[in-house]
Amino acid sequence: MTPKAIKVACSNCNLRELCMPVDLDDSDMDKIDTLVATRRKIKRGDALFSNGDRFDALYAIRTGFFKTRITTEDGRDQVTGFQMAGEIIGLDGIVGDRHSCDAVALEDAEVCEMPYGRIEELSREVPALQTHVHKIMSREIVREHGVMLLLGSMRAEERLAAFLLNLVQRLHARGFSRSELVLRMTREEIGSYLGLKLETVSRTFSKFAEDGLIEVKHRHVRILDIEALQALVNAPNCN
């Protein structure tokens, strides 16, 4: 088979509504279909890009999970986010033409590579694409603000509840269960992201299970009382 025959166009991709503009006419959709230069398979544990790498493309995740991380001045790895199918990664490189973090696959993954120069070119021809890229950037800013709130004012139980609710909501948007998920990341990586020690993450998972909020079997989590988790996150903070 030729590369052209193997290629699955954006217009036929079941994740298109998550990572591309919707309601485009056929002409604009044909242009969007030319955006993906290549597909890349990334093995579990390998980096899609690393801190300091030259920035030249954004990546739409087709399958798999990623984590982004930075290395602190004292040499520790700090997880800054988890990304899944249908999401765009690589935005960190736009500002300085170099990536400022590592993107590491948590499981075997496949991404669509979209050269940034081509995105800019097409954005002038398809205004909906430019609007969509701006929305993606805005969503990233909102996410950063949410993480700052999470780390700055929430107790351990609130942080983990917010994390689980956010994860299951994102997975549900991709057709998965509203109440069940498989954690692709380790407890240690969750702790790094939430600003908690590994022991605290494990203890909080156990507490949620004892209280009947969740059921945990290794990396499989079933949410038994989503209202209770939501109440934890929305509870007023007492000083």
Side-chain angles (χ1 to χ4, degrees), residues 1-42 47-68 80-106 109-147 166-167 169-176:
M1 295 178 69
T2 66
K4 185 175 182 181
I6 294 171
K7 178 183 176 183
V8 178
C10 294
S11 55
N12 294 323
C13 179
N14 61 356
L15 294 172
R16 181 174 70 84
E17 292 187 5
L18 293 171
C19 66
M20 284 292 169
V22 294
D23 298 328
L24 297 176
D25 60 31
D26 290 342
S27 174
D28 284 345
M29 199 63 241
D30 287 343
K31 294 175 183 176
I32 294 293
D33 280 346
T34 69
L35 186 55
V36 177
T38 185
R39 293 264 178 77
R40 289 178 58 183
K41 293 183 181 295
I42 312 295
L48 173 60
F49 56 79
S50 299
N51 179 33
D53 285 354
R54 179 178 175 80
F55 166 76
D56 50 26
L58 296 179
Y59 303 92
I61 304 172
R62 276 183 54 79
T63 60
F65 254 78
F66 284 83
K67 69 175 178 181
T68 47
T80 58
F82 298 104
Q83 299 79 24
M84 64 182 69
E87 295 181 341
I88 306 292
I89 54 177
L91 293 164
D92 62 290
I94 295 176
V95 65
D97 295 325
R98 296 276 176 187
H99 286 289
S100 60
C101 65
D102 306 327
V104 180
L106 294 175
E110 185 180 44
V111 300
C112 297
E113 182 176 323
M114 302 177 290
Y116 193 65
R118 181 62 177 148
I119 292 176
E120 290 185 308
E121 181 183 325
L122 267 182
S123 291
R124 292 189 286 270
E125 301 176 29
V126 185
L129 178 60
Q130 184 178 53
T131 301
H132 189 69
V133 172
H134 288 165
K135 285 182 178 179
I136 292 171
M137 292 178 176
S138 176
R139 188 166 62 228
E140 189 69 10
I141 292 170
V142 171
R143 187 192 69 80
E144 291 282 353
H145 287 172
V147 173
N166 174 265
L167 203 56
Q169 178 186 24
R170 289 157 66 195
L171 287 167
H172 180 62
R174 287 147 182 81
F176 294 96

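As a basis for the values below, the full set of heavy atoms in this structure was taken, side chains included, without hydrogen atoms, waters or symmetry mates.
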Quick one: do Y116 and D56 satisfy side-chain contact (heavy atoms from CB on, under 4.5 Å)? Show the steps, please.
CA-CA 6 Å; Y116 193 65; D56 50 26; over 6 Å; no
Passes side-chain contact (heavy atoms from CB on, under 4.5 Å), R98 versus F55? Steps please.
CA-CA 5 Å; R98 296 276 176 187; F55 166 76; 5.8 Å; no
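Between the CD1 atom of I119 and the CG atom of L58 there is a distance of 4.0 Å, given to the nearest 0.5 Å. Separation of atoms CG (D102) and OG1 (T80) is listed at 9.0 Å; rounding is to 0.5 Å. The structure places NZ of K67 at 13.0 Å from CD1 of I89, a figure rounded to the nearest 0.5 Å. Atom CD in E87 sits 12.0 Å away from atom CZ in F82 (nearest 0.5 Å).
Checking each of M137, H132, M114 against I88 for a side chain to side chain contact (heavy atoms under 4.5 Å, CB included) leaves exactly one that passes, namely M114. Evaluated for a side chain to side chain contact (heavy atoms under 4.5 Å, CB included) with M84, the options L106, L171, T63, I61 yield exactly one hit, L171. The side chain to side chain contact (heavy atoms under 4.5 Å, CB included) test with L48 singles out one residue from Q83, E113, R40, and that residue is R40.
A pairwise comparison of heavy atoms in D92 and S100 identifies OD2-N, 2.7 Å as the closest pair. In plain terms, the two heavy atoms of G64 and A109 that are nearest each other are CA-CB, 3.9 Å. Taking each heavy atom of R174 and G86 in turn, the nearest pair found is NH2-C, 4.0 Å. Contact detail for A105 and I42: the closest heavy-atom pair is CB-CG2, 3.8 Å.
Looking at residues two or more places apart in sequence or on another chain, you find a side-chain contact (heavy atoms from CB on, under 4.5 Å) between D53 and F49, S50, H99. Here E121 pairs with R118, R124, E125 under the side-chain contact (heavy atoms from CB on, under 4.5 Å) rule; sequence neighbours left out.
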